[in-house]
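To find a chain, count down the sequence lines: A is the first, B the second, and so on, and within it residues start at 1.
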Amino acid sequence: MLEFLIKIEFGSRVDYNFKLIVFDANLVAYVLKQPEDSSFAKLGDKMSDDSGLGSGGYDWNTEDELEIESFHSSCTTVPYGQTSGSRSLEENSFAAGPSNTKVFDSLINMGFHPEMVAKVIQEYGEENEHKLVEELLTYQELERSSQQQQQVEPDPTSSEYAASSWDDSSDNDDSSDEEIPKSLSKNDNTLLSLVKMGFNEEEALMALERLGPNSSLEELVDFISVAQLVKSEDALLPPEDKPQCNGHAKPRKRTLYESEVLGRKKPKVFEKRTCEEDDEAQAIHLPNPMVGFGIPTDPNSIITHRRLPHDANGPPYFYYENVALTPKGVWQTISRFLYDVEPEYVDSKYFCAAARKRGYIHNLPIANRYPLLPLPARTIQDAFPLLKKWWPSWDPRTKLNCLQTVHASAKLTQRIRAAVEQLQDFDDPPENVKKYVLEQCRKWNLVWVGKNKVAPLEPDEVEILLGFPKYHTRGGGISRTDRFKSLGNSFQVDTVAYHLSVLKEMFPDGINVLSLFSGIGGAEVALHKLGVLLKNVVSVEKSQVNRDIVRSWWEQTNQKGNLIDMDDVQQLDADRLEQLMSTFGAFDLIVGGSPCNNLAGSNRVNRIGLEGSESALFYDYFRILDLVKGMTPRFQ
DNA sequence: CCCACGATGACCGTCACG
DNA sequence: CGTGACGGTCATCGTGGG
């Protein structure tokens, strides 16, 4: 079966090639002059450095992209599969090069195909991982859109099988995951031979994958030669045909690919990303005021209709959350993974007395939302009436800032007391004292708890602000520090409940929930408060204390359904999901907020973006969501 | 009006230590 | 387990210049 596909694929590839014939005499000359140079990568790097513009701006990887594209949509049956099998492939293909396996590993862990990862690393180097992710996403988009195209208008000569093979096997990736790398690892020697012959290992690898494990060395050499020729063909595009892109090389090949190969409507993503300026222009910017598609307290703010990208539609419904203020580009990446759904940015200060700026990406309907009742107090003074007595007139705060995992030290509150005690007139302090005190109060979310006294909030108070039952996190062996930590990492229940409220009417008999990174169960509490019956909840949470909290809440609220908890998202693979779904049926909702450690502004140590060790768990959310999405039709 | 510039403020945190 | 020390990025806003 695999061989059959590959052969057809090869045919289709040749079709593509002929659409792209443009010769680059310079490049051909260069290649010929250096027949012993085994690494075309050098050339590629050199070229892409001064990239895009001018006569030297040869776009080395144009053909690679086609290769990836066509290979991926046909041979590989798991779009973003991540397997141990891929490892061997990765190691083999990189053994010869000076590769940073950390970067490679991390990209593989995000679920990208090793082949694609190898390509982009070669093209862009390893230092800018974010860039690499962007590129990989771009490839994925391309793949997705062409896959759709194929489904809509199958091409009898080349590509109809692609859609069907993909569809048929998207549910059981096990077979394919193993199949491809196995066959490749059997060809280590062949690969080695090709590299020794002076071929770039990537090209060799590509050829091997293309022609199958049983192809002869001659065939492979032939294939690579043709590939090289075609690469060079692409390079002679007249410069004026190349969009001017601020010195960045890649965009041209996309437009080329779209117009020449796809020849059909351009995927939105590529239009957006044609030039750097467009990147800027379409950068997701935060709404002001940050009310998302509306808040219950301002009917004028409410939008009841939006258009979801086709791929985004359920089942299952999904709901993803993370901090709104991330390093640049993070939400673009998240959004592109999550089927290009536009984030809904909401500040929970419109739901409670504390700010909490978060982005939510979900495919839920947005009409007829309703809030939990009673509405929580939305000012500090209403939420904590006892504080009013001590609140100075010159502290204008009515809302708290974001509730975090840490709180102010006793020493700081002591310093503030000292500063305030010295005042001759408490109600009218000098400007510098006022400024210092207010600054610290805002920074640490301090409240006035007595004469000259400020203090951080207690965990019980944080629970209330976040919409949890009082003492939700108290007792059962959890320390005060851990309470702050768990609460600081949690959902604001009222905000999430408002978004999830549409489920109540849709699922009168209850829902099955897959809750990833559950924490202290913000989503579960929200659903329960909404009166949505929880039939089966599979909850994945690393922290034991958090799992205990959820379990204890589950028992305390006399839930009739099942709570299955797990400690590691990595355990949740296709097999496990298959097992769960065949026991309970399909999941109706996949909810989760992945760790923000490497994104949050409070992190001074390693706020390194989505590829950070914690925040990269987002890719597991996506991986699992995408798996479930593929499996769901069978369990409906 | 537009743009550049600086000031201001907010931020689901990490680490070593006792 | 509690404590206390540790900046930088990013968005917004006001200002002054063209």
Inset, instruction - Compare side-chain N and O positions of R358(A) against OP1 and OP2 of dC12(B) and report whether any pair is under 4.0 Å apart. - result: yes
Legend entry - Among dC11(B), dC12(B), dC1(C), the one nearest N489(A) by side-chain distance: dC12(B)
Inset, instruction - Can you see which heavy atom on G612(A) is nearest to which on N598(A), and at what distance? - result: C-OD1, 3.3 Å
Inset, instruction - Could you check which of dC6(C), dC11(B), dC13(C) has an atom nearest any side-chain atom of R604(A)? - result: dC6(C)
Legend entry - V540(A) and F517(A), any side-chain heavy atoms less than 4.5 Å apart: no
Inset, instruction - For K328(A) and dT12(C), give me the distance from atom NZ to atom C1', rounded to whole Å. - result: 13 Å
Inset, instruction - Could you state the atom-to-atom distance from CD of Q404(A) to C1' of dT14(B) in whole Å? - result: 13 Å
Legend entry - Between C1' of dT9(C) and CG of N598(A), the distance in whole Å: 14 Å
Legend entry - Whole-Å distance separating the CG atom of L599(A) from the C1' atom of dT9(C): 12 Å
Legend entry - Proximity to the side chain of A355(A) - top-ranked nucleotide from dT14(B), dC11(B), dC12(B): dC11(B)
Inset, instruction - Give one of base, sugar-phosphate or nothing for L286(A), where a contact means two heavy atoms less than 4.0 Å apart. - result: sugar-phosphate
Legend entry - Separation of dG9(B) C1' from R397(A) CZ (nearest whole Å): 14 Å
Legend entry - Any side-chain donor near an acceptor of the partner, T379(A) and T398(A), under 3.5 Å: no
Inset, instruction - Assess the side chains of Q559(A) and H528(A): does a donor N or O sit below 3.5 Å from an acceptor N or O? - result: yes
Legend entry - Of the listed nucleotides dC11(B), dT3(C), dG4(C), the one nearest the side chain of S409(A): dG4(C)
Inset, instruction - Please figure out whether S602(A) or T481(A) has its closest DNA chain C nucleotide nearer the 5' end. - result: T481(A)
Legend entry - Gap between atoms NE2 and P, on H407(A) and dT14(B) respectively (whole Å): 16 Å
Legend entry - Euclidean distance for C1', dG7(C) against dA10(B) (whole angstrom): 13 Å
Legend entry - Sugar-phosphate only, base, or nothing, as touched by C596(A) at under 4.0 Å among non-hydrogen atoms: base
Inset, instruction - Would you kindly compare V605(A) and P327(A) by the position of their nearest DNA chain C nucleotide and give the one closer to the 5′ end? - result: V605(A)
Inset, instruction - Might you work through the side-chain hydrogen bond (donor to acceptor under 3.5 Å, both in side chains) test for D567(A) and Q544(A), ending with a clear yes or no? - result: CA-CA 8 Å; D567(A) 68 342; Q544(A) 176 71 50; over 6 Å; no
Legend entry - Side-chain N,O (S479(A)) to OP1/OP2 (dG2(C)) below 4.0 Å: yes
Legend entry - Side-chain H-bond candidate by donor/acceptor type, R369(A) with S501(A), under 3.5 Å: no
Legend entry - Separation between the P atoms of dA5(C) and dC12(B), rounded to whole Å: 23 Å
Inset, instruction - Can you figure out which of dC12(B), dG4(C), dG2(C) approaches the side chain of R480(A) most closely? - result: dG2(C)
Legend entry - Rounded distance (Å) that lies between atom P of dG2(C) and atom CG of L412(A): 19 Å
Inset, instruction - Would you indicate, yes or no, if dC12(B) has its OP1 or OP2 atom less than 4.0 angstrom from a side-chain nitrogen or oxygen of S490(A)? - result: no
Inset, instruction - May I ask you to verify if any side-chain N or O of K485(A) is less than 4.0 angstrom from the OP1 or OP2 atom of dT14(B)? - result: no
Inset, instruction - Please work out whether the ring planes of Y320(A) and Y621(A) are parallel, tilted or perpendicular, with thresholds of 30° and 60°. - result: tilted
Legend entry - Distance-only donor-acceptor check, side chains H499(A) and Y319(A), under 3.5 Å: yes
Legend entry - Distance in angstrom units between L400(A) CG and dG9(B) C1', rounded: 16 Å
Inset, instruction - Look at all strands and tell whether N288(A) reaches a base, only sugar-phosphate, or nothing, counting heavy atoms closer than 4.0 Å. - result: sugar-phosphate
Legend entry - Dot-bracket pairing map - DNA chain B, Watson-Crick plus G-U, both contacts under 3.5 Å, | cross-strand: |||||||||||.||||||
Inset, instruction - Quick one: label R442(A) by what it contacts on the DNA or RNA (base, sugar-phosphate, nothing), any heavy atom closer than 4.0 Å. - result: sugar-phosphate
Legend entry - Residues S335(A) and E342(A): side-chain donor-acceptor under 3.5 angstrom: no
Inset, instruction - With heavy atoms under 4.0 Å as the rule, sort S594(A) into base, sugar-phosphate or nothing. - result: base
Legend entry - Sugar-phosphate, base or nothing in reach of E439(A), heavy atoms under 4.0 Å: nothing
Inset, instruction - Considering just the side-chain nitrogens and oxygens of N603(A), establish if one lies under 4.0 Å of OP1 or OP2 belonging to dC15(B). - result: no
